[in-house]
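The next block holds one structure in the form of structure tokens; read it before the comments.
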Amino acid sequence: MNDDFFLDPAIVRKSEIVDYALKLVDGWPLPSVVEISESGTCNRKCVFCPRSDPTYQDKKEFISSELIKKLVLELAAYSYSGIFLFSGFVEPLLDKQISTHIKTIHEYLPKAKIEMVTNGDVLNIHKLHKLFHAGLSTILVSVYDSREEADRFERMCLDAGLREDQFVIRHRYLPESENFGITINNRAGMMTGAAYPIPVPAEALPLPCHYPHYTFFMDYTGDVLLCPHDWGKKHVVGNLQTDSFRDIWLGDVFLQARNMLANGNREIVPCKVCDVKGTLMGVLHVQAWSRLEKK
């Protein structure tokens, strides 16, 4: 893998939060990031996204309030205080219940940092007020069209009365020569048919990856994935509809994957075709899992 790549400034910010949020329960680490892909739909098809592949399915289905509450109550048992992130493979603001979900999370997880990644297409000052009144901590706006649009969103956030630590403007309109302004990867092999195709490695890269050590990623159906880059849902490790957070997070599938990936062994699905640089954050979690295994 080429080490000369664009590093998204938001990664530095997130890494610091991930390390700070590390919390142990009986020796095992809670995830510092609980990420929810709360629907099956998005209103854009960016060239560097698997959705630009004509075969990628768009489903206008949304997570239920019952599933959100089940997850939140189970996390509340551990006084969860990490990041609760609405992002994933979708546009969160297309969900008309998103403010209600945020309110539920804030009620039961008052110490959690509730964040959202959005393209901002339907964002306005009224929506910002509603989101933050419900309990949102930070909104990250990915701007895909122009610098002028980025400036407009920054003014909108300031006009809404947000502090500078409550919003992040992500510049995704940059040219291909600047990696579109993102730390780009092949989304676990799902970019071969995209508008900006990225091939899969000829063989599994001999590189460690930390994602499963610190991230619990769930989609709107309750499926929990090994990694938030698994856009093809090739490795479902459990479903919160039928299983508990604890049983999934501490399950054999997750534990085996963490051990393999910590040692640079990507010979599992979908990691064997993934080119993500997975060591940009989470090293403290890797060390915590390693200490647990040695007991």
Side-chain angles (χ1 to χ4, degrees), residues 8-18 21 31-46 48-51 56 58-59 61-63 67-68 71-72 75 80 82-95 97-99 101-102 104-106 109 112-123 127-128 131-132 134-144 153 166-172 180-185 187-188 190 210-212 214-233 240 276 278 280-282:
D8 183 349
I11 289 178
V12 178
R13 170 188 174 274
K14 186 177 178 182
S15 178
E16 293 172 351
I17 298 173
V18 164
S32 277
V33 180
V34 172
E35 183 172 349
I36 305 298
S37 188
E38 44 71 63
S39 78
T41 188
C42 184
N43 62 310
R44 284 189 177 243
K45 295 183 179 180
C46 301
F48 45 79
C49 173
R51 287 186 177 274
Y56 194 91
D58 185 81
K59 297 182 179 180
E61 301 170 354
F62 300 88
I63 198 167
L67 186 55
I68 285 283
L71 175 59
V72 167
L75 291 173
Y80 182 73
I83 301 173
F84 199 109
L85 175 64
F86 286 102
S87 182
F89 315 146
V90 304
E91 170 47 52
L93 287 181
L94 297 182
D95 187 349
Q97 298 301 314
I98 191 67
S99 294
H101 299 329
I102 291 171
T104 298
I105 298 161
H106 184 62
L109 302 176
K113 186 174 177 60
I114 308 172
E115 301 195 349
M116 176 190 296
V117 176
T118 175
N119 59 36
D121 286 351
V122 299
L123 193 62
K127 281 188 171 63
L128 281 171
L131 292 168
F132 280 87
L136 190 67
S137 305
T138 306
I139 190 164
L140 297 92
V141 184
S142 298
V143 183
Y144 297 110
F153 280 117
Q166 290 180 303
F167 67 93
V168 177
I169 306 300
R170 310 204 302 180
H171 301 262
R172 302 298 197 234
F180 307 106
I182 70 172
T183 300
I184 203 164
N185 66 77
R187 303 296 188 181
M190 290 296 291
H210 301 166
Y211 272 100
Y214 67 88
T215 303
F216 183 88
F217 182 95
M218 185 181 80
D219 80 354
Y220 65 101
T221 70
D223 281 342
V224 178
L225 307 184
L226 185 64
C227 172
H229 289 289
D230 185 10
W231 281 67
K233 291 185 63 173
L240 201 77
V276 70
L280 297 177
M281 62 187 82

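A distance-only check finds a donor-acceptor pair linking the side chain of Ser32 to the backbone of Val18 [under 3.5 Å]. Judged purely by atom type and a 3.5 angstrom limit, His210 uses its side chain to pair as donor or acceptor with the backbone of Met281.
Between Ala112 and Ser137, the closest heavy-atom pair is O-OG, 4.1 Å. Scanning all heavy atoms of the two residues, the minimum distance from Tyr220 to Leu67 falls at O-CD2, 3.7 Å. Nearest heavy atom pair, residue Ala134 against residue Ser99, reads CB-O, 3.4 Å. Heavy-atom minimum distance, Asn43 versus Leu94: N-CD1, 3.8 Å. Summarising the geometry of Ile63 relative to Asp219, their closest heavy-atom pair is CD1-O, 4.4 Å, with the distance given to 0.1 Å. Taking each heavy atom of His229 and Ala188 in turn, the nearest pair found is O-CB, 3.4 Å.
Legend: residues meeting ring-ring contact (aromatic ring centres under 6.0 Å, His included) with Phe132, ordered by chain and number and at least two apart, are absent. Gln97 is linked by a side-chain contact (heavy atoms from CB on, under 4.5 Å) to Asp95, Thr100, His101, counting only residues two or more places apart in sequence or in another chain.
For the pair Arg51 and Val90, the minimum side-chain heavy-atom distance is below 4.5 Å. Residues Phe86 and Ile105 are in side-chain contact: their nearest non-hydrogen atoms beyond the backbone lie under 4.5 Å apart. At a threshold of 4.5 Å between non-hydrogen side-chain atoms, the residues Ser142 and Val117 count as touching. For the pair Thr41/Phe62, a side-chain contact is recorded, criterion being any heavy-atom separation below 4.5 Å from C-beta on. Put simply, the side chain of Tyr211 does not reach to within 4.5 Å of the side chain of Asp230, judged on heavy atoms. At a threshold of 4.5 Å between non-hydrogen side-chain atoms, the residues Thr215 and Pro31 do not count as touching. Within the 4.5 Å cutoff, side-chain heavy atoms of Cys49 are placed close to those of Trp231.
The distance from atom CD1 of Ile83 to atom OG1 of Thr138, rounded to the nearest 0.5 Å, is 8.5 Å. Separation of atoms CD1 (Ile11) and OG1 (Thr183) is listed at 3.5 Å; rounding is to 0.5 Å. Rounding to the nearest 0.5 Å gives a distance of 14.0 Å between CG of Leu136 and NZ of Lys127. Rounded to the nearest 0.5 Å, atoms OG (Ser87) and CZ (Phe217) are 7.5 Å apart. Of the inter-residue distances, the one linking Phe84 atom CZ with His106 atom NE2 reads 13.5 Å to the nearest 0.5 angstrom. Expressed to the nearest 0.5 Å, how far SG of Cys42 lies from NZ of Lys59 amounts to 16.0 Å.
Checked against a 6.0 Å centroid threshold, the rings of Phe216 and Tyr214 do not count as neighbours.
For the side chain to side chain contact (heavy atoms under 4.5 Å, CB included) test with Leu93, the passing option among Asn119, Asp121, Thr118 is Thr118; the others fail.
For NZ of Lys45, the number of neighbouring non-hydrogen atoms (other residues, nucleotides, ligands) closer than 6.0 Å is 12 at most.
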Between Arg13 and Glu115, does the salt bridge (charged side-chain N to carboxylate O under 4.0 Å, His left out) criterion hold? Intermediate values first, please.
CA-CA 13 Å; Arg13 170 188 174 274; Glu115 301 195 349; 2.5 Å; yes

